[in-house]
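Note that the coordinates shown come from a computational prediction; the quantities given were computed from them, not determined experimentally.
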Amino acid sequence: MRITLIAVGKIKERFFEDAIKEYEKRLGRYCKLEIIQVADERTPEGAGEALESQIKEREGERILAQIKDGVYVIALAIEGKMLDSEELAEKIGRLGVEGVSQIVFVIGGSLGLSEKVIHRADFALSFSRMTFPHQLMRVILLEQVYRSYRILNHEPYHK
């Protein structure tokens, strides 16, 4: 299985980079992982709804340009469906059994994802109704994908 993570913005903190590298290493025995960063747009203070929408659209176009036809897309969105770790593992496992060879996870920028990206997604996943920094969300997502593979392989994991 190929797992691709498309995320808006760069990782700016060394400790996030280190955590991401650790999960990349751990995931190497289960899947082929690719991380794609697309440029974020600067949001001016006091930006109105129209400008924020334009920013999301520009970031969304960059995301969509990275998504190939025929891949299964999971968008991380507050309004998505919440799954526990076992349910996420089951979903990843089921997709593999159904012949899906690549899953693309998408993490938006500070304003979230454009409607076009949400519409392209095959599934919207919510980790919480809370908002998390996109840098931290990458680490959390990779940890949960790693945990999913541990569950699928009947290997111990911390509950």
Evaluation steps, side-chain contact (heavy atoms from CB on, under 4.5 Å), between T4 and I103: CA-CA 6 Å; T4 301; I103 300 172; over 6 Å; no
Using residues 39-47 as the side-chain source, report each donor-acceptor pair under 3.5 Å to any protein atom, sequence neighbours left out, with the distance given to one decimal.
| unit_1 | atom_1 | unit_2 | atom_2 | d |
| --- | --- | --- | --- | --- |
| E41 | OE1 | R58 | NE | 3.2 |
| E41 | OE2 | R62 | NH1 | 3.0 |
| E41 | OE2 | R62 | NH2 | 2.4 |

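- V71 is linked by a side chain to side chain contact (heavy atoms under 4.5 Å, CB included) to I67, K68, V73, Q102, V104, R120, counting only residues two or more places apart in sequence or in another chain.
- Nearest heavy atoms, G60 versus S114: CA-OG, 3.7 Å.
- Looking at residues two or more places apart in sequence or on another chain, you find a side-chain hydrogen bond (donor to acceptor under 3.5 Å, both in side chains) between E61 and K116.
- Residues M1 and K32 fail the side-chain proximity criterion, which asks for heavy atoms closer than 4.5 Å.
- For R129, there are no salt bridge (charged side-chain N to carboxylate O under 4.0 Å, His left out) partners at least two apart in sequence or on another chain.
- The line from CZ of R14 to CZ of F16 is 14.0 Å long, rounded to the nearest 0.5 Å.
- Among residue pairs with one or both ends in residues 94-104, those qualifying as salt bridge (Lys or Arg N to Asp or Glu O under 4.0 Å) are E90-R94; sequence neighbours excluded.
- Applying the 4.5 Å side-chain rule to ILVMFWY residues, one finds L51, I55 in the same cluster as L111.
- Not counting sequence neighbours, the partners of E155 by the salt bridge (charged side-chain N to carboxylate O under 4.0 Å, His left out) test are R29, R150.
- V38 and V117 fall within a single hydrophobic cluster, where Ile, Leu, Val, Met, Phe, Trp and Tyr are joined by side-chain heavy atoms under 4.5 Å apart, directly or via other members.
- For Y72, the side-chain hydrogen bond (donor to acceptor under 3.5 Å, both in side chains) partners are K91, not counting sequence neighbours.
- Here the closest non-hydrogen pair linking V8 and G109 is CB-N, 3.6 Å.
- Follow the hydrophobic side-chain contacts under 4.5 Å out from L33 and you never reach V106; the two are in separate clusters.
- Annotation: side-chain hydrogen bond (donor to acceptor under 3.5 Å, both in side chains) contacts of E79 (sequence neighbours excluded): none.
- Rounded to the nearest 0.5 Å, atoms CG (L5) and CD (E24) are 9.0 Å apart.
- In the hydrophobic cluster analysis, where Ile, Leu, Val, Met, Phe, Trp and Tyr join through side-chain heavy atoms closer than 4.5 angstrom, Y30 is grouped together with I74.
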I'd like a table of donor-acceptor pairs (distance under 3.5 Å, sequence neighbours excluded) in which one partner is a side-chain atom from residues 136-144, with atom names and distances.
| unit_1 | atom_1 | unit_2 | atom_2 | d |
| --- | --- | --- | --- | --- |
| R138 | NH1 | Q37 | OE1 | 2.7 |
| R138 | NH2 | G9 | O | 2.4 |
| E143 | OE2 | R147 | NE | 2.9 |
| E143 | OE2 | R147 | NH2 | 2.7 |
| Q144 | OE1 | S85 | OG | 2.7 |

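- Atom-to-atom distance recorded for I63:CD1 and K56:NZ is 11.0 Å, nearest 0.5 angstrom.
- Scanning for side chain to side chain contact (heavy atoms under 4.5 Å, CB included) contacts around R26 gives E22, Y23, Y146, with sequence neighbours left out.
- Closest approach of L113 to A75, counting heavy atoms only: CD1-CB, 3.7 Å.
- Atom CD1 of residue I92 and atom CG of residue L152 lie 7.0 Å apart, to the nearest 0.5 angstrom.
- In this structure, F127 has no ring pair (Phe, Tyr, Trp, His ring centres under 6.0 Å) partners at least two apart in sequence or on a different chain.
- I3 CD1 to C31 SG: the interatomic distance, rounded to the nearest 0.5 Å, is 5.0 Å.
- The CD1 atom of I107 lies 10.0 Å from the CG atom of L125; values are rounded to the nearest 0.5 Å.
- The side-chain heavy atoms of F123 and L83, taken from C-beta on, include a pair separated by under 4.5 Å.
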